[in-house]
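The residues of the chain are indexed from 1 along the displayed sequence. For clarity, every value in this text was computed on a predicted model and none was experimentally measured.
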Amino acid sequence: MAVQFSGLRLPSPSVPTHLLRCQTISNPIRSPSVSVTATLSSPPPTIQVVGGKNPTWHGNENGSSNSTVGGSQGESDWVDMEADLYYWTKALRPVQWYPGHIAKTEKELKEQLKLMDVVIEVRDARIPLSTGHPQMDSWLGNRKRILVLNREDMISTADRNAWATYFARQGIKVVFSNGQLGMGTMKLGRLAKSLAAGVNVKRRAKGLLPRAVRAGIVGYPNVGKSSLINRLLKRRMCPAAPRPGVTRELKWVHFGKDLELLDSPGILPMRISDQSAAIKLAICDDIGERSYDASDVAAILVQMLVRLPTVGMKVLQDRYKIDADGHCGKTFVQKLAVHLFNGEVNQAAFRVLSDFRKGKFGWIALERPPR
């Protein structure tokens with residue numbers, strides 16, 4: 001979700017993150033104008049970072065959060081968190097990942113899209129907006145599209161219903177799936193065939209023989225494209241692993257006589273301008289590990305989880321058996337490192353990220369539909 005701010009003093013991106021500390025600014029500068037991609041009826045939110053009104057991503061080590069584990073979380077809270085996330089990422093090294101095979105794939109994929117009857121775009125159900133390629137609409141043009149939100153097992157029923165309603169209002173066909181267990185795959189196959197049924201009607205009218213429907217599966221790295229194909233085919237035809245960059249080339253596979261599927265490597269923009277989205281990609285393991293600092297990403301994840309009423313600081317403290325006296329993500333990760341990993345901050349960071357990815361904090365979406 002893109003966030004724009006005006007009239008705010010931002011921390012200098014040139015300041016090394018290890019020199020920054022959790023602190024409180026007693027008189028924060030307020031924004032006269034906050035613009036978010038979503039159109040909301042609520043008044044512009046006050047910029048408030050977890051634990052204190054501090055325009056850095058660290059929060060306030062000794063402050064108190066307005067969020068409670070059992071409290072209610074309205075839409076304005078999500079907008080506030082997006083605004084805070086924008087600030088937390090400003091002092092970090094930009095997350096960018098564009099290996100050579102992606103550039104090659106993008107060029108080849110554009111050519112193959114011309115042959116497609118229907119395009120299946122796969123996104124991560126935890127971050128449907130952040131895993132949408134900004135150029136996808138222009139590439140597809142008027143081609144029929146099916147949107148698949150994979151990993152539906154990693155979000156709550158409320159999140160699933162919210163996204164289903166959001167895309168239905170836009171007239172977009174959505175299938176929720178679990179590529180690991182195969183949920184949603186048969187519905188996807190039927191929908192792809194039905195959307196492209198008119199292809200052979202036109203061919204028969206021209207005196208041509210019918211052919212299999214061609215469907216291309218596209219999306220960001222590690223969102224589960226190959227796993228979906230393997231589940232559709234009920235056999236392992238495409239290499240799949242829980243890390244970005246496993247699929248390196250385009251590959252056509254046949255699903256019976258009626259459907260041909262094109263598996264493609266994950267594609268990313270050459271430059272990710274929305275760093276809030278980039279951080280979410282890192283949190284959800286949808287971008288290469290070399291592109292980000294795990295300790296920074298884990299610290300931001302902690303501050304996001306603290307803001308969610310279904311998690312909160314108490315859940316984190318209970319899980320790791322440490323006493324965090326504030327809501328500063330960096331301090332929490334450092335204490336965890338001392339407590340469990342002999343001071344190895346990177347190991348502590350990867351533990352927090354891994355626990356989130358495995359659902360140890362519950363089934364949590366990091367985005368809500370804009371309104």
Side-chain angles (χ1 to χ4, degrees), residues 1-2 37 93-151 172-173 177 179 188 192 195-196 213-230 232 237-253 259-292:
M1 181 180 291
T37 300
R93 173 174 62 89
V95 176
Q96 302 292 347
W97 192 62
Y98 196 73
H101 76 273
I102 290 185
K104 178 183 176 183
T105 296
E106 184 176 311
K107 182 178 180 181
E108 294 177 348
L109 184 60
K110 289 178 182 177
E111 292 299 317
Q112 292 293 328
L113 284 174
K114 299 175 183 178
L115 307 175
M116 305 294 178
D117 301 314
V118 60
V119 175
I120 300 170
E121 182 188 0
V122 184
R123 299 188 190 182
D124 190 323
R126 296 168 295 179
I127 48 172
L129 299 179
S130 295
T131 46
H133 198 291
Q135 294 179 279
M136 188 63 67
D137 289 341
S138 62
W139 290 347
L140 299 186
N142 295 324
R143 284 180 180 80
K144 296 177 180 179
R145 181 202 304 197
I146 301 172
L147 179 61
V148 175
L149 297 187
N150 195 33
R151 302 192 179 115
I172 298 176
K173 300 283 186 181
S177 70
L188 175 60
L195 285 180
V213 170
R214 296 171 184 154
I217 298 187
V218 300
Y220 272 33
N222 202 35
V223 293
K225 301 181 296 298
S226 297
S227 296
L228 277 175
I229 291 178
N230 290 336
L232 270 170
M237 292 293 294
C238 302
R243 65 180 186 275
V246 173
T247 304
R248 292 298 184 104
E249 59 185 16
L250 300 175
K251 181 179 181 180
W252 282 98
V253 293
L259 184 62
E260 293 179 354
L261 299 169
L262 176 66
D263 186 25
S264 64
I267 49 174
L268 284 165
M270 182 179 294
R271 180 174 178 80
I272 304 176
S273 57
D274 184 353
Q275 283 299 296
S276 295
I279 288 293
K280 294 174 191 174
L281 293 175
I283 290 172
C284 295
D285 201 20
D286 293 333
I287 197 169
E289 286 183 0
R290 294 183 179 181
S291 67
Y292 58 88

> Can M136 and I267 be said to form a side-chain contact (heavy atoms from CB on, under 4.5 Å), step by step?
Replying inline: CA-CA 10 Å; M136 188 63 67; I267 49 174; 4.0 Å; yes
> Charged N to carboxylate O below 4.0 Å: is that the case for R145 and D137?
Replying inline: yes
>> Working to the nearest 0.5 angstrom, can you tell me the gap between L109 CG and K114 NZ?
In response: 11.5 Å
> What pair of heavy atoms forms the shortest contact from S291 to R93, and how long is it?
Replying inline: O-NH1, 3.5 Å
>> If the threshold is 4.0 Å, N to carboxylate O, is there a salt bridge linking D286 and R151?
In response: yes
> Heavy-atom distance under 4.5 Å between the side chains of I283 and Y292, does that happen here?
Replying inline: no
>> In the structure I gave you, are the side-chain heavy atoms of P221 and L268 within less than 4.5 Å of one another anywhere?
In response: yes
>> Just so I know, are the side chains of Y220 and D124 near enough to count as touching, which here means a heavy-atom distance under 4.5 Å?
In response: no
> Is a donor on one side and an acceptor on the other found under 3.5 Å between the side chain of Q275 and the backbone of V95?
Replying inline: yes
>> Between M116 and L262, does the side-chain contact (heavy atoms from CB on, under 4.5 Å) criterion hold? Intermediate values first, please.
In response: CA-CA 9 Å; M116 305 294 178; L262 176 66; 3.0 Å; yes
>> Quick one: does any side-chain atom of S227 pair with a main-chain N or O of G224 as donor and acceptor, under 3.5 Å?
In response: no
> In a check of side chain to side chain contact (heavy atoms under 4.5 Å, CB included) between L147 and each of I172, I120, V119, which one passes?
Replying inline: I172
> With N142, which residues qualify under side-chain hydrogen bond (donor to acceptor under 3.5 Å, both in side chains), at least two apart?
Replying inline: none
> Is there a donor in the side chain of S177 and an acceptor in the side chain of N150, or the other way round, less than 3.5 Å apart?
Replying inline: yes
>> Just verifying a value: how many Å separate D285 CG and E289 CD, rounded to the nearest 0.5 Å?
In response: 6.5 Å
>> For a salt bridge (charged side-chain N to carboxylate O under 4.0 Å, His left out) check, start with the C-alpha distance between E111 and K107, then their side-chain angles and the critical distance, and finish with the verdict.
In response: CA-CA 7 Å; E111 292 299 317; K107 182 178 180 181; over 6 Å; no
> Do side-chain atoms of Q96 reach the backbone of I272 as a donor and acceptor pair under 3.5 angstrom?
Replying inline: yes
> Any idea which heavy atoms bring V213 and A192 closest together, and the distance?
Replying inline: CG1-O, 4.1 Å
> Does the side chain of V122 reach to within under 4.5 Å of the side chain of V218, using non-hydrogen atoms?
Replying inline: no
> Would a 4.5 Å heavy-atom cut-off, applied to side chains only, mark P269 and Q135 as touching?
Replying inline: no
> How long is the gap from NZ on K110 to CG on L140, to the nearest 0.5 Å?
Replying inline: 12.0 Å
>> Just to verify, which of V223, L261, V148 counts as forming a side chain to side chain contact (heavy atoms under 4.5 Å, CB included) with L228?
In response: V148
>> Looking at E121 and R123, is there a salt bridge between them, counting it only when a charged N and a carboxylate O are closer than 4.0 Å?
In response: yes
> Is a side-chain N or O of S130 found less than 3.5 angstrom from the main chain of I127, in a donor-acceptor match?
Replying inline: no
>> Salt bridge or not between R214 and D117? Use side-chain N to carboxylate O under 4.0 Å.
In response: no
